[in-house]
Amino acid sequence: MLTGKIAVVTGASRGIGRAVALKFAKEGASVIINYNGSQDKALEVKQEIEAQGQSAAIYQCDVSDFDKCETFIAEIIKEYGRIDILVNNAGITRDGLLMKMSEEDFDKVIDTNLKGAFNTIRFASRQMLKQRAGRIINMASVVGVMGNAGQTNYAASKAGIIGLTKAAARELASRGVTVNAIAPGFIETDMTKILPEKVKEASVSQIPLGKFGQAEHVAAAAAFLASEEAEYITGQVLHVDGGMAM
Ligand code: NAP
């Protein structure tokens, strides 16, 4: 259970982040739902949580913006006095073959997926160190471990997330702050909905469990890593991928 915990989930307006926010609320946490462009969707998540009798707030912040992340985290700490759980989930794809990829598409994905996680950890970790407790969970991907043609930018960002996770885990461990990553496989969300049927069929054939995952599968792993029971787990990458990367 996450009773009374203050949890910040980035990119919680849709997909996996939404499922994580709902799961954390169900387990008793107060959830800060970060979003970038989808205010209506973020509000729906807030209302769904409130309908369950839990508290939630929405907060607009582009996680790729260092200064805005400083303000975002400072305002959360001012309002709630602490941050117990930080989930860096916000992420985008801008797929394309290496030789055709624009500099902008490379930078945009790295700035959102990798620098975005650095930005929030940079400011939230100070508070967690003061508390001598905290849980940081970063969303990596099976692609960061295995690579994927057409996703050099995305794969680099997710491999970077794994390195960031391990380095931060080592830096923060002495004060009881754990840092772990989750590497989802193929999860049914808006991000994967846009893929051509052919690619989807080829992907499912590589999944030992023979089906795509759901956002709730990832949320369950996040809830475990955020729990008291996971206090002795840090610097790990938990694969939620139907066996893809074994
Ligand atoms: P999604 O359905 O496309 O949702 C992405 C979320 O990220 C949205 O809530 C979006 O918010 C938010 N976001 C994007 N850019 C942002 C920014 N600059 N600042 C703040 N929020 C931002 O994606 P998803 O499938 O749930 O993926 C969530 C995470 O899991 C990502 O890190 C992704 O790389 C990772 N992942 C997904 C899969 C998969 O198969 N789906 C597999 C492995 C890893 P707005 O709509 O409000 O802009």
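Counting convention: from 1, in listed order, for ligands and their atoms alike.
Residue Thr10 places every heavy atom at 4.0 Å or more from ligand 1. Heavy atoms of Ala140 come nearer than 4.0 angstrom to ligand 1 in at least one pair. The shortest heavy-atom distance from Ala183 to ligand 1 is not under 4.0 Å. Distances shorter than 4.0 angstrom occur between a heavy atom of Lys158 and an atom of ligand 1. At least one heavy atom of Gly185 sits closer than 4.0 Å to an atom of ligand 1.
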Derivation and outcome, side chain to side chain donor-acceptor pair (under 3.5 Å), residues Glu229 and Ser227: CA-CA 5 Å; Glu229 287 91 336; Ser227 71; 3.2 Å; yes

Candidate pair Gln54 and Glu50, rule side chain to side chain donor-acceptor pair (under 3.5 Å), full reasoning: CA-CA 5 Å; Gln54 285 302 132; Glu50 286 171 347; over 6 Å; no

Candidate pair Asp105 and Lys108, rule salt bridge (charged side-chain N to carboxylate O under 4.0 Å, His left out), full reasoning: CA-CA 5 Å; Asp105 281 352; Lys108 184 86 185 156; over 6 Å; no

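By the 4.5 Å heavy-atom criterion applied to side chains, Thr178 and Glu231 are not counted as neighbours. Looking at Ile85 and Phe24, their side chains come closer than 4.5 Å, going by heavy atoms from C-beta outward.
Paired with Pro184 under the rule side-chain contact (heavy atoms from CB on, under 4.5 Å), one option of Thr189, Val143, Val218 passes, and it is Val218. Among the candidates Ile187, Ile207, Thr192, the single residue satisfying the side-chain contact (heavy atoms from CB on, under 4.5 Å) test with Phe212 is Ile207.
Considering only non-hydrogen protein atoms, atom 47 (O) of ligand 1 sits nearest to Ser38 N, 2.8 Å. The single protein non-hydrogen atom nearest to atom 6 (C) of ligand 1 is Gly11 O, 3.7 Å, given as residue, atom name and distance. Among all protein heavy atoms, the one lying closest to atom 40 (O) of ligand 1 is Ile187 N, 2.8 Å. Of all protein heavy atoms, the one lying nearest to atom 20 (C) of ligand 1 is Cys61 O, 3.3 Å. Nearest to atom 30 (O) of ligand 1 among the protein's heavy atoms is Met139 CG, 3.4 Å.
Heavy-atom proximity to atom 5 (C) of ligand 1, evaluated over Ala21, Gly91, Gly37, Ala90, is greatest for Gly91. Of the listed options Lys108, Arg14, Lys68, Arg14 places a heavy atom closest to atom 1 (P) of ligand 1. Nearest to atom 34 (O) of ligand 1 by heavy-atom distance, out of Tyr154, Phe212, Phe72, Phe186, is Tyr154. Of the options Ile33, Ile16, Asn89, the smallest heavy-atom separation from atom 29 (C) of ligand 1 is shown by Asn89.
At under 3.5 Å, a nitrogen or oxygen of Asp62, whether backbone or side chain, sits near a nitrogen or oxygen of ligand 1. At under 3.5 Å, a nitrogen or oxygen of Val63, whether backbone or side chain, sits near a nitrogen or oxygen of ligand 1. Inclusion of Ser13 in the set of residues having an N or O under 3.5 Å from an N or O of ligand 1 is warranted. Ligand 1 has no nitrogen or oxygen under 3.5 angstrom from a nitrogen or oxygen of Gly17.
Taking OG1 from Thr152 and CG from Asp95, the interatomic distance works out to 9.0 Å, rounded to the nearest 0.5 Å. Between the CD1 atom in Ile33 and the OG1 atom in Thr10 there is a gap of 12.5 Å [rounded to 0.5 Å]. Rounding to the nearest 0.5 Å places CD1 of Ile16 at 7.5 Å from CE of Met191. Taking NZ of Lys23 as the reference point, atom CD1 of Ile49 lies at 13.0 Å (rounded to 0.5 Å). A distance of 11.5 Å separates CD in Gln39 from CD in Glu44, rounded to the nearest 0.5 Å.
In the vicinity of Ile92, heavy-atom distances shorter than 4.0 Å reach the ligand 1 atoms 14 (C), 15 (N). Counting atoms of ligand 1 from 1 in the listed order, those under 4.0 Å from a heavy atom of Tyr35 are 47 (O). Ligand 1 places these atoms under 4.0 Å from at least one heavy atom of Thr192: 39 (C), 40 (O), 41 (N).
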Which atom pairs, one a donor and one an acceptor, fall under 3.5 Å between side chains of residues 158-166 and the rest of the protein, sequence neighbours left out?
residue: Lys158; atom: NZ; partner: Met139; partner atom: O; Å: 2.9
residue: Thr165; atom: OG1; partner: Asn138; partner atom: ND2; Å: 3.0
residue: Thr165; atom: OG1; partner: Ile161; partner atom: O; Å: 2.6

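The ring pair (Phe, Tyr, Trp, His ring centres under 6.0 Å) check on Phe72 picks up Tyr59, with sequence neighbours excluded.
Counting heavy atoms under 4.0 Å from ligand 1, residue Asn36 touches it through both backbone and side chain. Within the 4.0 Å heavy-atom criterion, the part of Asn34 lying near ligand 1 is the side chain and not the backbone. Contacts between Ala42 and ligand 1, counted as non-hydrogen atom pairs separated by less than 4.0 Å, are absent for every part of the residue. Contacts between Lys41 and ligand 1 below 4.0 angstrom, taking non-hydrogen atoms only, are absent altogether. With a heavy-atom cut-off of 4.0 Å, Thr189 touches ligand 1 through its side chain alone. Under 4.0 angstrom from ligand 1, the non-hydrogen atoms of Asp190 come from both its backbone and its side chain.
Salt bridge present: Arg18 and Glu48 bring a charged side-chain N and a carboxylate O closer than 4.0 Å.
In this structure, the ring of Phe66 has its center less than 6.0 angstrom from the ring center of Phe123.
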